[in-house]
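Worksheet: one structure, shown below.
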Amino acid sequence: MGTGDYQSSVAAFINHLNVDNAEFIAAHNSAYFAELSKGQHPKATVVTCSDSRVQTNEFDKAPVDELFYGA
């Protein structure tokens with residue numbers, strides 16, 4: 001892969017992250033973020049080695065701040 005191809009790939013990936021983040025923000029109202037800004041206190045921390053492509057909400061139905069997954 002040439003330098004130009006690599007840079008295009010990285011730029012496309014960053015753009016994808018930005019688009020996904022914008023969609024996430026648009027799907028939640030300001031009260032959602034205001035509550036999270038007060039702090040998060042998960043009931044458990046799950047430390048595991050998992051495929052980073054798997055979204056944590058595929059493992060359970062817990063609300064966003066109830067579990068923390070670390071790999």
Over 12 non-hydrogen atoms of neighbours within 6.0 angstrom of CZ in Phe13 = no
Do the side chain of Asn29 and the main chain of Tyr32 share a donor and acceptor less than 3.5 angstrom apart?
-> yes
Measure the NE2-CD1 distance between His16 and Ile14 for me, rounded to the nearest 0.5 Å.
-> 12.5 Å
Tell me whether Ile25 is reachable from Leu17 by hopping between hydrophobic residues (I, L, V, M, F, W, Y) whose side-chain heavy atoms are closer than 4.5 Å.
-> no
